[in-house]
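In what follows, every chain begins at residue 1, and chains take the letters A, B, ... in the order their sequences are listed.
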Amino acid sequence: MAEYLILTEKKSAADNFSKALGGSSGNFDGHSYQIVHAQGHLMELSEPKDQVAGDLKERYGSWDPENMPWNLNDFSWVKEPTKAGNIRKILSQIKKASQNAQAIVIATDNDPSGEGELLAWEIINEIGWHGKVYREYHDDETPKSITKAMRNLKDVSDQTKDGDYLKANVRSRWDFASMQLTRLATSYVRNAGYYVKVVNQGRLKSVMLSMVYKREQAIKNYVKKPFYEVKFQDDQGHLYARKVAKDNEERLAQIRHADKAQAEAELTQYQSPVHVKKLKMVNKKSTPKTLLDLAKVDALLSKKGYSSNKIKNVYQQLYEAGYVSYPRTEDKVITSEQFNELVQNSKEIALLVGVNTQLLTHLEPRKELVKDSATHGANRPGSKVPASLDELGKALKNQSDLECAKDIYCLLGKTALAILGDDYLYRVVTASIEEYPAFVTQYNVPANFGWRQIYNDGELPKAPKPLGTQAKAIVAEGANPKPAKPTKAWLFKRLASYGKYGIGTGATQQSTMAELTNAKSNAHLLNDKKGVLSLTDTGLMSAVIAQGTLIASPKATEQLFQGMDDVGNFKLAPDQLLSTINKVVAHDKPVLQKNVALVEQSVGKPQKKQYPKREKVDVTYQGKPAQINAKWGEHTWTADELKELSAGNTITFDYKKGQISGQLGEKEYKGHKFIAFIPDFDN
DNA sequence: GCAAGGTC
């Protein structure tokens, strides 16, 4: 009988706890223990209609705008196990193990969002545990950190006083309540006559779509404004120009002439040719960049044409086989242990990914990349190094993903090995025109490529020509820059760097990107062509209808997260923060309604035949011939199923993540009676 | 059918 039941977030964490404490059960520091693990969140909030009293079910099941905003006091906030296959089994295992324990130790990921506390308390509440609960706070999953944390347990038995739980819990309710905006947007667009599945809105999705939309508009509205500027050009081609700060419009207007003739007039004021004067040459160096996160891997490999969905799935399979490190890390650095492992495996990895081992010379950890604390460490090759790249196929369900797996491994290998390369050394040359010192030029001369020979995003810079001796005044043509096309790399960067908190976690950004760009998803709102994004028709509707709303503003997340900090510090009551979503819905509802008119401007009038006529098949119901839809949702009836249904039998078939049972019956819609498949859950 | 957050 174990005294402590140690609950970790996932299997890999349970394995690391087991290593640190000396087994999946045993004795540590005078206490007997047993380790169990969750699998991320095991519970999720029930459907809105299942959280309210009987007479309110219709209202909260409805997508009709007249039923919103919701009154959040109507909600019970009851949760149920998630739909994934083995969740109930995991829950019952944890419950069973808890029956022998004197206390539960929350040992989930220790992250400031409080998500680890939330998913632990969801489980603790679900199994009906009312005993002692402790929290340990590990910085990373090394034995040293885990044992240290396990010696410093905090009693958190009262969950209403666990600030981390409170903040994450209110976050989850706020986000859940934000689904009203999807219902509103979808209903308004449908009521205007458009055929759409769902017009998604949320504080992450809407912001992503809005960013792409605004960039698309900026490209569409771009008007090239050429300007003419006097510069000097030396006999080696280097250009000398006057330095002006970008925001110094007054000075820019003096130098950049809209009229070519003005520039030509200015040109005559200068003598030409003139002399080049070298001002200085400074030695500089740059160290390897930080390692990758999943969003960066996604953005870089999308250039090769892989979808976000494929990268997510293939990466996960490589992780499960031990070939790559944990995918959904927030870390951009690694620990010394992780660094040592990389050094040990470096030659093998280099041979696999095609890096010259002689370049691996910097075996001392650089302090900006190797820190004392990092939970999973940045994305990099795993502990298990394959004997060949083809061996990665063993990890894959589908061998056609092998090329993608190899590209992921090579990218991770090269970026990780780059931190074992020398500094990149270069010289910065500055020169000016002797007669007109305001005209300057500056360029870099690479001296030693160092780590950039191991990994460089794009081509290595070429050595520039030497400085010339003489220069001539010329009229150079320039223009206001055309906005670049929106790409995944651009979007990820904007999301991550917004405000104090960023918008969405790296892992959620990548999985949301995968959802939005997946043609099979209900939320297929973005097209992806080698990493270049564009809005689908529904995506455009979603973005257009959300203009001017709070949900599409990054400030919504910023204020929510600021409020979460206050909830975590007990400066703000959770319900106070939750009520801010009511204000968002109240503000956004009329904006969405008004914006429907803009949808017509951008995608045109709805076509007349909106809802495709469904294909019918013949059945028999109570001895009489009838017709039903050939498909139920995404399921097409087989001949056998139709036979069974016609015989009046109940059939069961696999559907999405579960099974559906039901039989034929009568249905009524708008006064019209017909025969249809009635699933059991409708009764 | 809906959110965003975990996870396989």
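Of the residues in residues 37-54 of chain A, those with a non-hydrogen atom less than 4.0 angstrom from any atom of DNA chain B are A:Q39, A:G40, A:H41, A:E47, A:P48.
Considering only side-chain atoms of A:V198, the nucleotide from B:dC8, B:dG1, B:dA4 that sits closest is B:dG1. Comparing atom distances between the A:F176 side chain and each of B:dG5, B:dT7, B:dA3 picks out B:dA3 as nearest. Relative to the side chain of A:M179, the nucleotides B:dG6, B:dG1, B:dA3 differ in distance, and B:dA3 lies closest. Comparing B:dG1, B:dG5, B:dT7 by their nearest atom to the side chain of A:R328 picks out B:dT7. The nucleotide whose nearest atom lies closest to any side-chain atom of A:W63 is, among B:dG6, B:dG1, B:dC8, B:dG1. Of the candidate nucleotides B:dC2, B:dT7, B:dG5, B:dG5 has the atom nearest to the side chain of A:F561.
Here A:T160 pairs with A:D158 under the side chain to side chain donor-acceptor pair (under 3.5 Å) rule; sequence neighbours left out. Taking the salt bridge (Lys or Arg N to Asp or Glu O under 4.0 Å) definition, one finds that A:E117 meets it with A:R135, sequence neighbours left out. For A:T508, the side chain to side chain donor-acceptor pair (under 3.5 Å) test picks out A:T505, with sequence neighbours left out.
Going from atom CG of A:L578 over to atom P of B:dA4 covers 16 Å, rounded to whole Å. One can place CD1 of A:I106 at 15 Å from C1' of B:dG6, the figure rounded to the nearest angstrom. For the pair A:Y165 OH and B:dG5 P, the interatomic distance rounds to 18 Å; values are reported in whole Å. When rounded to the nearest whole Å, the span between NZ of A:K312 and P of B:dT7 equals 12 Å. Put simply, CG on A:L184 is 14 Å from C1' on B:dA3, counting in whole angstrom units. Look at NZ on A:K83: it is 16 Å from C1' on B:dG6, rounded to the nearest Å. The interatomic distance linking A:E80 (CD) with B:dG6 (P) rounds to 21 Å, in whole Å. Atom pair A:I123:CD1 and B:dG6:C1' shows a separation of 10 Å (rounding to whole Å applied).
Distances shown here put a side-chain N or O of A:N200 below 4.0 Å from the OP1 or OP2 atom of B:dA3. OP1 and OP2 of B:dT7 both lie 4.0 Å or more from every side-chain N or O belonging to A:Y319. A:S172 has no side-chain polar atom (N or O) that falls below the 4.0 Å cut-off from OP1 or OP2 of B:dA4. Contact check, A:R173 against B:dG5: no side-chain N or O comes under 4.0 Å of OP1 or OP2. Note on A:K205: a side-chain N or O is less than 4.0 Å away from OP1 or OP2 of B:dA3. Contact annotation: A:N522 side-chain N/O to B:dC2 OP1/OP2 distance is under 4.0 Å. In this structure, A:T508 reaches the B:dG6 phosphate: one of its side-chain N or O atoms is under 4.0 Å from OP1 or OP2. Applying the 4.0 Å criterion to OP1 and OP2 of B:dC8, one finds that A:K10 has every side-chain N and O outside that range. Side-chain nitrogen and oxygen atoms of A:K197 include none within less than 4.0 Å of the OP1 or OP2 phosphate oxygen of B:dG1.
Taking the ring centroids of A:Y326 and A:Y319, they lie under the 6.0 Å cut-off.
Nucleotides of DNA chain B nearest to A:H376 and A:A177 differ in position, and the one nearer the 5' end is that of A:A177. When each of A:G61 and A:E320 is assigned the nucleotide of DNA chain B bearing its nearest heavy atom, the one mapping closer to the 5' terminus is A:G61.
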For the pair A:E126 and A:K95, evaluate salt bridge (Lys or Arg N to Asp or Glu O under 4.0 Å) and give the outcome as yes or no after the intermediate values. CA-CA 9 Å; A:E126 174 66 13; A:K95 184 171 186 172; over 6 Å; no
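Residue-level contact check: A:T186 touches the bases, meaning some heavy atom is under 4.0 Å from a base atom. No engagement by A:Q317 is indicated, since no non-hydrogen atom pair under 4.0 Å with the nucleic acid exists. Counting any heavy atom pair closer than 4.0 Å across all strands shown, A:L119 reaches no nucleic acid atom. If you check every strand for non-hydrogen atoms under 4.0 Å, A:Q316 touches a base. In this structure, A:D109 reaches the sugar-phosphate backbone alone: every heavy-atom distance under 4.0 Å involves primed, P, OP1 or OP2 atoms, never a base. Among the atoms of the strands shown, only primed sugar atoms or phosphate atoms (P, OP1, OP2) are found under 4.0 Å from some heavy atom of A:Y326.
Legend: salt bridge (Lys or Arg N to Asp or Glu O under 4.0 Å) pairs involving residues 309-324 of chain A, not counting sequence neighbours, sorted by first then second residue: A:K310-A:D401. Within the structure, no pair that satisfies the salt bridge (Lys or Arg N to Asp or Glu O under 4.0 Å) test touches residues 48-61 of chain A, not counting sequence neighbours.
The environment of A:K11 atom NZ is sparse: at most 12 non-hydrogen atoms of other residues, nucleotides or ligands sit within 6.0 angstrom.
To the nearest 0.5 angstrom, A:L525 atom CG is 5.5 Å from A:L516 atom CG.
A heavy-atom distance below 4.5 Å is found between the side chains of A:V207 and A:L495.
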